[in-house]
2 protein chains.
Amino acid sequence: MGSRVTIRDVAAVAEVSPATVSRVLNADERVAPELRERVLAAVERLGYRPNSQARSLRTQATRVIGLIISDIQNPFFTSLVRGVEDAAQASGYSVVLANSDEDLGKEQQYLRVAAAEQMAGVILSPASSSRTRIGELVHEEIPVVTIDRRIAADVDSVAVDNVAGARQAVEHLLQTGARRVGVIAGPEDVSTAADRLEGYRAALRAAGLAVDPELIVRGDFRIDGGHRAAARLLDRPDRPDALFAANNLMLIGTLDAMAERGLTAPADLLLAGFDEMSWAGFAPPLTLVEQPTYEIGRLATQMLLRRIAGGTAAAEHVVLEATLKVRASSDLVRRAV
Amino acid sequence: MGSRVTIRDVAAVAEVSPATVSRVLNADERVAPELRERVLAAVERLGYRPNSQARSLRTQATRVIGLIISDIQNPFFTSLVRGVEDAAQASGYSVVLANSDEDLGKEQQYLRVAAAEQMAGVILSPASSSRTRIGELVHEEIPVVTIDRRIAADVDSVAVDNVAGARQAVEHLLQTGARRVGVIAGPEDVSTAADRLEGYRAALRAAGLAVDPELIVRGDFRIDGGHRAAARLLDRPDRPDALFAANNLMLIGTLDAMAERGLTAPADLLLAGFDEMSWAGFAPPLTLVEQPTYEIGRLATQMLLRRIAGGTAAAEHVVLEATLKVRASSDLVRRAV
DNA sequence: GCTGGGCGAGAAATCGATTTCAGAAATCGA
DNA sequence: TCGATTTCTGAAATCGATTTCTCGCCCAGC
């Protein structure tokens with residue numbers, strides 16, 4: 001019947017009271033060295049492991065942080081998860097992972113679970129910037145840090161400078177010779193999508209080019225949506241001479257659509273995307289705006305832990321840099337690279 | 001200060017005892033309809049949510065199942081996770097997800113967490129068939145179901161018939177005209193890898209061909225390993241005329257290695273792999289042995305829930321079918337498909 | 001009319017830890 | 001030497017639920 005060994009058993013073996021055992025285990029200094037020894041020996045001998053339910057019932061605090069991701073399948077999140085786990089573990093916290101799958105309903109449910117389980121804190125990549133509701137967590141006073149995307153509520157966030165990243169990519173396309181750059185943008189209510197679109201516009205304006213609304217098509221940050229959006233752009237009589245996909249999965253959809261039409265980059269058009277695609281295997285190598293994903297996870301966790309420890313300052317918004325990696329898909333000269 | 005509303009508050013408002021509130025909430029029949037009404041109204045009005053720590057401390061049972069995956073980044077697991085979540089949720093359980101990253105140390109740590117948190121059960125895709133240790137869970141009498149891979153211990157498992165799947169793929173390659181089929185096999189201590197290699201051998205034997213050990217190279221089920229293994233095969237003076245990669249990530253590595261050498265399938269050699277690759281975007285479309293991933297997750301969860309409910313029969317091993325999907329990468333005739 | 005059985009509801013025990021409180025022993029200062 | 005602190009330890013309260021125990025009441029049966 002499992003976790004049979006309780007603190008009383010340890011106390012009995014060590015011939016002390018349960019209170020003393022608890023003190024020893026919680027690094028309370030004022031315990032005689034001799035008793036401490038006896039307790040530790042008993043713990044060792046019995047293989048005692050404190051019952052975490054009982055502990056957190058009493059202390060009203062768990063050492064678990066929730067990590068709610070909008071799309072686990074997206075490799076962007078994988079190394080981010082590692083950053084979170086490493087930082088959390090270093091402070092003795094464990095991480096539970098959930099996949100909202102860009103679904104507001106699922107997201108809501110996980111947020112409820114986090115509140116019900118009284119998790120110490122939550123790191124969230126919100127499915128929507130305007131419709132995600134963290135009310136339950138706020139009510140339970142559970143701190144929240146958003147990653148990758150911001151939300152309306154006043155909480156900490158960690159993200160990259162999406163405007164600058166997208167702008168760099170589009171400016172690069174223009175410098176390489178593109179004149180009509182199509183963009184496969186993300187969903188309207190995701191801040192990341194809005195920012196990247198803004199970067200696209202900024203690049204055009206800086207180059208003195210008009211923003212043609214016909215060249216802006218929205219996808220859903222997933223493969224299918226990217227495929228449909230790219231198809232619409234590619235089937236225009238005046239086909240764009242470059243495409244910028246606002247995230248990695250939509251870039252895959254774009255590659256699909258191009259393959260169907262027998263088009264290749266950079267020969268037929270230039271191509272750039274956002275977010276890592278370490279699955280590799282793509283020909284040609286793709287020009288991408290890359291994010292420091294591990295770092296995002298690590299920083300977000302540290303901010304969260306500070307909040308948990310009791311920081312009550314105003315919400316902090318950390319903005320990291322995204323860097324453009326030019327590769328063959330957008331580079332006529334270095335095509336062979 | 002969060003979850004302030006306790007069962008006593010509800011009891012006070014409804015003017016009954018806490019015991020009665022508990023009975024109403026746990027569907028105990030013998031409560032007068034009138035009191036039941038009052039209790040439900042009070043619960044509603046106060047927004048009462050039972051404290052799950054307190055509950056599971058008393059009942060000695062959580063409604064959480066752990067899902068420990070060997071590589072989250074592998075899309076194979078994504079729809080499997082969905083299958084688990086759907087089935088768990090239908091029975092009122094929540095799922096916590098962990099990524100062992102094919103690392104025995106991490107795996108061990110998560111297993112320990114599962115034991116410490118007294119999870120109701122664990123679904124595990126073990127990092128190793130021989131070195132994974134589930135002793136702690138067994139000790140706590142926490143049921144375990146392994147997926148995708150088997151382990152030495154006597155626990156339930158759900159997997160596909162990897163031998164038959166691999167055999168089908170290799171037989172297909174032979175029928176399409178291949179004579180020297182190279183295989184990029186998986187790690188020695190993973191049952192899945194051993195089975196698929198066995199299927200490869202069986203196909204050759206059935207065709208009356210000798211098994212050339214030079215054509216068998218081991219990878220690590222990851223992109224890099226697949227890349228190195230494929231490179232070794234491709235650089236041989238007597239290059240194989242077909243390759244079978246034992247999982248999806250190694251197939252990507254194989255594609256990389258081929259691209260570096262200017263080789264394409266099916267023109268230069270035939271190509272087949274194992275596991276879905278729904279990221280698509282690959283040219284040519286790939287011949288793959290596909291698994292019913294969602295179903296694996298769903299079935300594993302149902303088995304686990306039966307164990308949790310108290311089934312004590314002998315370990316059950318469910319074997320599903322994997323089906324070969326022939327696509328252009330191995331099909332000279334239907335190359336245009 | 002009295003007893004016994006059944007049922008519904010509250011009081012209290014319980015789960016396993018932490019923490020407060022109080023008392024005994026040790027230390028210190030005068 | 002004695003009283004006043006301080007230090008250490010154990011007894012008991014506590015966290016918030018569930019569950020056992022107990023009691024009062026009602027009704028049926030003899």
Side-chain angles (χ1 to χ4, degrees), chain A residues 1-40 42-43 46-64 92 115-120 140-141, chain B residues 1-40 42-43 46-64 92 115-120 140-141:
Chain A
M1 263 282 235
S3 194
R4 257 293 148 73
V5 185
T6 77
I7 199 171
R8 314 193 84 83
D9 301 327
V10 176
V13 169
E15 297 182 302
V16 298
S17 73
T20 300
V21 176
S22 173
R23 284 193 264 260
V24 170
L25 266 44
N26 290 283
D28 190 323
E29 291 308 322
R30 40 193 202 154
V31 174
E34 189 207 327
L35 294 194
R36 175 182 305 277
E37 280 309 312
R38 292 220 305 266
V39 167
L40 291 177
V43 164
L46 298 176
Y48 169 68
R49 296 192 147 284
N51 178 316
S52 61
Q53 265 100 260
R55 164 178 286 169
S56 55
L57 174 59
R58 178 66 234 240
T59 61
Q60 304 287 57
T62 62
R63 292 183 79 79
V64 173
E117 298 283 334
Q118 311 214 86
M119 292 181 183
E140 304 277 340
E141 296 193 351
Chain B
M1 267 279 238
S3 195
R4 258 292 147 72
V5 184
T6 76
I7 200 172
R8 314 194 83 84
D9 301 327
V10 175
V13 169
E15 297 182 302
V16 299
S17 74
T20 300
V21 176
S22 174
R23 283 193 265 260
V24 170
L25 266 46
N26 291 283
D28 188 323
E29 292 308 322
R30 42 196 200 152
V31 174
E34 190 206 326
L35 295 193
R36 176 183 304 278
E37 280 310 310
R38 292 219 305 266
V39 168
L40 291 177
V43 165
L46 299 177
Y48 169 68
R49 298 192 144 284
N51 178 316
S52 61
Q53 265 100 258
R55 163 179 287 168
S56 55
L57 174 58
R58 178 65 234 239
T59 61
Q60 303 289 54
T62 62
R63 292 181 80 78
V64 173
E117 298 283 333
Q118 312 214 85
M119 291 181 183
E140 304 279 339
E141 296 193 351

Just how far, in rounded Å, is [atom2] of [N] from [atom1] of [X]?
X	N	atom1	atom2	result
B/L46	D/dG16	CG	P	14 Å
B/E37	C/dA9	CD	C1'	18 Å
B/N51	D/dC15	CG	P	12 Å
A/E117	D/dA17	CD	C1'	14 Å
B/R58	D/dT18	CZ	C1'	5 Å
A/Q53	C/dT18	CD	P	13 Å

Listed partners of B/A116 passing side chain to side chain contact (heavy atoms under 4.5 Å, CB included), at least two apart: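 Counting only residues at least two positions away or on another chain, B/A116 forms no side chain to side chain contact (heavy atoms under 4.5 Å, CB included).
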Taking all non-hydrogen atoms of both residues, which atom of [X] and which atom of [Y] are closest, and how far apart?
X	Y	answer
A/L25	A/P50	CD2-CG, 4.5 Å
A/S56	A/A61	CB-O, 3.1 Å
A/A42	A/A14	CB-CB, 4.0 Å
B/L57	A/A54	CD1-CB, 3.8 Å
B/Y48	B/V5	CD1-O, 3.5 Å

Would you mind telling me which of C/dC15, C/dA17, D/dT18 lies closest to the side-chain atoms of B/I7?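 Of all the options, the side chain of B/I7 is nearest to D/dT18.
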Using the side chain to side chain donor-acceptor pair (under 3.5 Å) criterion, which residues pair with [X]? Sequence neighbours excluded.
X	result
A/R36	none
B/T62	none
B/S52	none

Categorize A/Q60 for me: base, sugar-phosphate, or nothing, with a 4.0 angstrom heavy-atom threshold over every strand shown.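 Result for A/Q60 = sugar-phosphate.
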D/dG16 phosphate, OP1 or OP2: any side-chain N/O from B/Y48 under 4.0 angstrom?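 No.
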Annotated structure of DNA chain C as dot-bracket, pair cut-off 3.5 Å, Watson-Crick or G-U only, | for inter-strand, is ||||||||||||||||||||||||||||||
Can you sort out which residues in residues 18-26 of chain A have a heavy atom within less than 4.0 Å of DNA chain D? Ascending by number, please.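 Within residues 18-26 of chain A, the residues near DNA chain D are A/A19, A/T20, A/R23.
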Would you kindly check whether a donor in the side chain of A/R55 faces an acceptor in the base of C/dT18, or vice versa, at under 3.5 angstrom?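 It does not, because no donor-acceptor pair links the side chain of A/R55 to the base of C/dT18 below 3.5 Å.
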Closest-nucleotide 5' rank along DNA chain C - winner of A/R8 and B/S17: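 Between the two, 5'-proximity favours B/S17.
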Map B/R38 and B/L57 onto DNA chain C by nearest heavy atom, then report which one ends up closer to the 5' terminus.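 That would be B/R38.
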